[in-house]
**Q** 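Handing you a structure now.
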Amino acid sequence: MKEYKYKINGNTYNVAVGDIDGNIAQVEVNGVAYRVELEPAKAATVKTVQAPRPAAAPRTATGEKVIAKPVVAGSAQAVKAPLPGVVLSIPVKVGQAVKAADTVLLLEAMKMENAIHAGRDGVVKEILVSAGDSVLEGNPLIVIE
């Protein structure tokens, strides 16, 4: 039997809790025995929420990725996207000579404009994207020969 002392409104009570059988408890308060009916315990309800799984990247019938990267051949070199974003403008034209520090493309990423430079001297051979296109990191943007 567990014994407790309680003080309620200035009165002291000695409470002893005896056996509990189901929802009936034997309680003694200041030497007087009582049968106390307890409310049944409510089972805790736990809801499991399953997060949706991301969809797999689209693939062709042969299993290759739908987004194919163009192959750059010869001495030509592709200027690649340093981060994912949206192409804002392309201030160069095919056939235009560029220096390594020249801006060849403006890319918006995380609400900031990023100037993408040629990276080497040469001539713009091909422009692989257009304004408004979304690009991923590493996607070729412009080919410089």
Side-chain angles (χ1 to χ4, degrees), residues 1-27 29 34-145:
M1 224 189 236
K2 290 190 175 187
E3 294 189 19
Y4 303 94
K5 272 194 172 181
Y6 294 104
K7 193 170 202 174
I8 302 172
N9 293 334
N11 298 324
T12 303
Y13 296 94
N14 293 319
V15 179
V17 179
D19 294 332
I20 300 175
D21 185 25
N23 66 336
I24 304 293
Q26 301 298 326
V27 179
V29 179
Y34 295 95
R35 281 186 61 185
V36 178
E37 187 176 340
L38 304 172
E39 286 190 23
K42 292 183 181 179
T45 56
V46 177
K47 263 190 183 178
T48 304
V49 178
Q50 301 235 349
R53 295 183 62 195
R59 301 213 178 242
T60 63
T62 61
E64 295 179 31
K65 292 181 181 178
V66 171
I67 302 172
K69 296 181 182 177
V71 178
V72 180
S75 65
Q77 180 180 355
V79 176
K80 296 182 179 182
L83 66 166
V86 176
V87 177
L88 291 179
S89 66
I90 305 167
V92 294
K93 304 284 182 221
V94 175
Q96 180 179 338
V98 292
K99 298 285 183 190
D102 288 350
T103 299
V104 293
L105 188 130
L106 281 176
L107 183 70
E108 179 186 357
M110 297 184 291
K111 301 195 186 230
M112 293 181 61
E113 288 185 16
N114 299 280
I116 309 301
H117 301 287
R120 68 178 254 182
D121 294 347
V123 176
V124 176
K125 180 179 177 189
E126 187 178 0
I127 298 173
L128 304 171
V129 293
S130 56
D133 287 354
S134 292
V135 295
L136 299 173
E137 180 179 353
N139 280 17
L141 306 171
I142 295 176
V143 179
I144 298 176
E145 190 172 58

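For clarity, every value in this text was computed on a predicted model and none was experimentally measured.
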**Q** Is the count of non-hydrogen atoms from other residues, nucleotides or ligands lying under 6.0 Å from Asn11 atom CG greater than 12?
**A**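 Counting neighbours around CG of Asn11, more than 12 heavy atoms of other residues, nucleotides or ligands fall under 6.0 Å, so yes.
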
**Q** Do Ile142 and Ile116 come close enough that some side-chain heavy atom pair is under 4.5 Å?
**A**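 When only atoms from C-beta onward are counted, Ile116 and Ile142 do not touch, as no gap falls below 4.5 Å.
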
**Q** Any chance you could lay out the side chain to side chain contact (heavy atoms under 4.5 Å, CB included) test for Asn23 and Glu39, step after step, and finish with the verdict?
**A** CA-CA 7 Å; Asn23 66 336; Glu39 286 190 23; over 6 Å; no

**Q** For the atom pair CD1 (Ile90) and CG (Asp133), what is the distance rounded to the nearest 0.5 Å?
**A**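 Answer rounded to 0.5 Å: 7.5 Å.
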
**Q** Looking at every heavy atom in both Ser89 and Pro91, which two are closest together, and how far apart are they?
**A**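 Heavy atoms only, the tightest pair is O-CD, 3.8 Å.
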
**Q** Can you give me every donor-acceptor pair (side chain of residues 95-112, partner residue at least two apart or in another chain, under 3.5 Å) with its distance?
**A**
from   : atom 1 : to    : atom 2 : distance (Å)
Gln96  : OE1    : Lys93 : N      : 3.0
Asp102 : OD2    : Lys99 : N      : 2.8

**Q** Could you list the residues that satisfy side chain to side chain contact (heavy atoms under 4.5 Å, CB included) with Val86, not counting sequence neighbours?
**A**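 Applying side chain to side chain contact (heavy atoms under 4.5 Å, CB included) to Val86 gives Ser134.
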
**Q** Suppose we screen for side chain to side chain donor-acceptor pair (under 3.5 Å). Which residues come up paired with Thr12, at least two apart in sequence or across chains?
**A**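 For Thr12 there are no side chain to side chain donor-acceptor pair (under 3.5 Å) partners, ignoring immediate neighbours.
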
**Q** Looking at Ile144 and Gly122, what are the two nearest heavy atoms and their distance?
**A**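 Nearest heavy atoms, Ile144 then Gly122: CG2-CA, 3.8 Å.
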
**Q** Glu3: what forms a side chain to side chain contact (heavy atoms under 4.5 Å, CB included) with it, not counting sequence neighbours?
**A**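 Side chain to side chain contact (heavy atoms under 4.5 Å, CB included) check on Glu3 returns Ala16.
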
**Q** Could you report the tightest heavy-atom contact between Leu38 and Ala25, atom names first, then the distance?
**A**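 For Leu38 and Ala25, the tightest heavy-atom pair comes out as CD1-CB, 4.3 Å.
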
**Q** Mind checking what makes side chain to side chain contact (heavy atoms under 4.5 Å, CB included) contact with Ala131, not counting sequence neighbours?
**A**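 With neighbours one apart ignored, the set is empty.
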
**Q** Can you name the side chain to side chain contact (heavy atoms under 4.5 Å, CB included) partners of Val94, sequence neighbours left out?
**A**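 Once residues adjacent in sequence are excluded, the partners of Val94 under the side chain to side chain contact (heavy atoms under 4.5 Å, CB included) criterion are Ile127.
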
**Q** Applying the side chain to side chain contact (heavy atoms under 4.5 Å, CB included) criterion to Tyr6, which one of Val29, Val15, Asn14 satisfies it?
**A**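 For Tyr6, the side chain to side chain contact (heavy atoms under 4.5 Å, CB included) check succeeds only for Val15.
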
**Q** Show the nearest heavy-atom pair for residues Leu88 and Glu113, with the distance to one decimal.
**A**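 Reported closest heavy-atom pair: CD1-CG, 3.4 Å.
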
